[in-house]
2 protein chains.
Amino acid sequence: MKLLKEKIVNEGIVLNENVLKVDSFINHQMDPVLMKEIGKEFAERFKDDKVSKILTIESSGIAPAIMAGLEMGVQVIFARKRKSLTLTENLYTSSVYSFTKQESNDITVSKQYIEPGENVLIIDDFLANGQAALGLAEIVQQAKANISGIGVLIEKSFQPGAEELLAKGYRLESLARIASLNNKQVEFAPER
Amino acid sequence: MKLLKEKIVNEGIVLNENVLKVDSFINHQMDPVLMKEIGKEFAERFKDDKVSKILTIESSGIAPAIMAGLEMGVQVIFARKRKSLTLTENLYTSSVYSFTKQESNDITVSKQYIEPGENVLIIDDFLANGQAALGLAEIVQQAKANISGIGVLIEKSFQPGAEELLAKGYRLESLARIASLNNKQVEFAPER
Ligand SMILES: Nc1nc2c(ncn2[C@@H]2O[C@H](COP(=O)(O)OP(=O)(O)O)[C@@H](OP(=O)(O)OP(=O)(O)O)[C@H]2O)c(=O)[nH]1
Ligand SMILES: Nc1nc2c(ncn2[C@@H]2O[C@H](COP(=O)(O)OP(=O)(O)O)[C@@H](OP(=O)(O)OP(=O)(O)O)[C@H]2O)c(=O)[nH]1
């Protein structure tokens with residue numbers, strides 16, 4: 001997606017060979033116009049998939065997911081990583097491992113909001129090791145719903161997440177693919 | 001706001017005299033059309049205030065805030081409650097007390113995204129004890145920016161947050177005001 005790649009080039013900061021900082025438009029400050037365009041892009045890519053629900057995870061997935069939901073006319077759920085005042089019973093749970101923190105944590109979604117047989121589009125901001133996306137996919141499976149696909153804003157192709165999702169047979173739509181962050185430089189990989 | 005009050009009546013669940021569950025359209029599943037309308041409502045109420053930035057806090061504030069940002073043509077920042085991979089330096093911080101958890105936690109915003117003299121609209125989902133809103137306001141003050149106002153989706157008028165914000169001289173726009181949750185019933189308070 002051209003606009004997203006331009007934002008990455010103009011505003012992204014390569015912190016090191018593994019991490020791209022995009023706090024100015026995705027992860028802390030959010031650009032509403034960019035998010036709207038991202039929503040339209042996902043709507044276009046998944047227009048023939050009869051998507052009935054969007055599933056994302058707090059926090060950075062929310063803005064792109066809500067815009068995609070608006071474009072596609074479907075409700076949007078965000079999985080929780082932490083206890084909430086009201087999300088306490090009747091839950092799907094999956095365990096997500098963090099390589100950085102070297103620990104697992106549960107993510108939760110209420111059983112009420114994904115029905116068996118639904119077509120669920122999973123959306124998140126980064127795809128790196130893929131554990132969050134796999135955790136969300138596992139929840140959709142627990143709900144006996146279908147995974148229409150996984151949409152991510154930025155795929156770090158030099159990390160294993162993308163290949164792992166593709167190997168499981170999921171459709172993956174990455175709006176930008178980063179082959180490398182070496183030499184303080186963003187090198188994009190081509191569209192699949 | 002009529003649409004919001006209708007959603008509360010039709011889908012809200014009074015858990016007890018202090019807590020209204022709105023997981024089906026705000027706090028877990030999110031209704032994109034409702035969020036869009038909320039964005040338009042805030043844009044209308046603050047149209048003469050030359051708002052230059054919207055500030056919210058993860059997670060439930062993000063969806064209404066991004067829609068308001070889209071309608072008002074401004075960037076949207078979400079304060080973080082927890083450490084993030086990239087939000088590590090050059091930060092405004094304020095301490096937010098939780099009466100429920102009986103503990104304080106820091107919320108953070110990068111200094112880069114609020115300039116002195118900006119007109120900042122603070123948006124959040126619930127206004128109860130008001131500590132989160134006060135923490136966000138304190139950050140805007142640290143940045144030497146102006147608080148155009150505080151916009152909340154649901155004000156629980158039987159809790160002290162609203163009065164505390166008004167006593168400090170802030171403009172408060174509550175899209176729904178709840179006078180009571182007694183007897184498993186939502187009783188609205190009139191618009192101010
Ligand atoms: N800016 C940036 N972030 C990256 C990059 N690679 C991974 N991340 C994010 O860092 C967090 C890493 O999460 P961990 O669970 O610790 O995973 P990991 O060590 O196995 O990669 C995730 O944020 P998250 O859970 O999605 O957090 P939130 O932003 O939604 O709160 C992920 O999206 C990168 O190159 N740049
Ligand atoms: N559903 C519901 N939530 C309420 C109600 N009253 C307060 N809350 C939410 O509960 C959380 C209370 O936070 P605490 O910081 O523990 O505050 P408190 O005990 O002083 O009220 C906040 O969620 P938060 O930090 O905004 O969490 P998040 O949803 O953004 O993750 C607040 O918005 C209510 O009647 N119904």
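Just so we're clear, the structure is a prediction, and the values are computed from it rather than from any experiment.
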Peer 1: Heavy-atom distance under 4.5 Å to chain A: side chain of K101(B), backbone, both or neither?
Peer 2: neither
Peer 1: State plainly whether one hydrophobic cluster holds both I139(B) and L134(B), where clusters connect Ile, Leu, Val, Met, Phe, Trp and Tyr through side-chain heavy atoms under 4.5 angstrom apart.
Peer 2: yes
Peer 1: Got a sec: does the NZ of K144(B) have more than 12 other heavy atoms crowding it under 6.0 Å?
Peer 2: no
Peer 1: To the nearest 0.5 Å, what is the distance between CD (Q29(A)) and CD (Q112(B))?
Peer 2: 9.0 Å
Peer 1: What's the separation between atom CD in Q75(A) and atom OG in S24(B), rounded to the nearest 0.5 Å?
Peer 2: 8.0 Å
Peer 1: Would you say NZ of K168(A) has more than 12 non-hydrogen atoms from neighbouring residues, nucleotides or ligands within 6.0 angstrom?
Peer 2: no
Peer 1: Who among V33(A), L15(A), N27(A) has the most heavy-atom pairs with chain B under 4.5 Å?
Peer 2: N27(A)
Peer 1: Shorter than 4.5 Å, heavy atoms on both sides: which option in M35(A), R80(A), K53(A), E71(A) has the most such pairs with chain B?
Peer 2: R80(A)
Peer 1: Rounded to the nearest 0.5 Å, how far apart are CE of M30(A) and CD1 of I66(B)?
Peer 2: 4.0 Å
Peer 1: At a heavy-atom separation under 4.5 Å, does T88(A) approach chain B through its side chain, its backbone, both, or neither?
Peer 2: neither
Peer 1: Tell me, yes or no, whether the heavy-atom count around Q102(B) atom CD, taken from other residues, nucleotides or ligands under 6.0 Å, exceeds 12.
Peer 2: no
Peer 1: Linking I/L/V/M/F/W/Y whenever their side-chain heavy atoms sit closer than 4.5 Å, directly or via other members, would F46(B) and L136(B) fall into one cluster?
Peer 2: no
Peer 1: Under 6.0 Å from the CD atom of E89(B), do we count more than 12 heavy atoms belonging to anything else shown?
Peer 2: no
Peer 1: Looking only at heavy atoms, what is the nearest atom pair of P32(B) and G69(A), with distance?
Peer 2: CG-C, 3.7 Å
Peer 1: Report which part of I26(A) has an atom under 4.5 Å of a heavy atom belonging to chain B: side chain, backbone, both, or neither.
Peer 2: backbone
Peer 1: Measure V19(B) against the heavy atoms of chain A and call it side chain, backbone, both or neither at under 4.5 Å.
Peer 2: side chain
Peer 1: Answer with side chain, backbone, both or neither: which region of K83(A) has an atom nearer than 4.5 Å to a non-hydrogen atom of chain B?
Peer 2: neither
Peer 1: Using non-hydrogen atoms and a 4.5 Å limit, figure out which bit of V74(A) sits close to chain B: side chain, backbone, both or neither.
Peer 2: backbone
Peer 1: Does any backbone or side-chain atom of K21(A) lie under 4.5 Å from a heavy atom of chain B? Answer side chain, backbone, both or neither.
Peer 2: both
Peer 1: When you measure from the side chain of H28(A) to the backbone of S110(B), do you find a donor-acceptor pair of N or O atoms at a distance under 3.5 Å?
Peer 2: yes
Peer 1: For D23(A), run the side chain to side chain contact (heavy atoms under 4.5 Å, CB included) check against L85(B), I77(B), L87(B) and tell me which one passes.
Peer 2: L87(B)
Peer 1: Kindly work out whether a path of hydrophobic side-chain contacts (I/L/V/M/F/W/Y, heavy atoms less than 4.5 Å apart) joins I123(B) to L55(B).
Peer 2: no
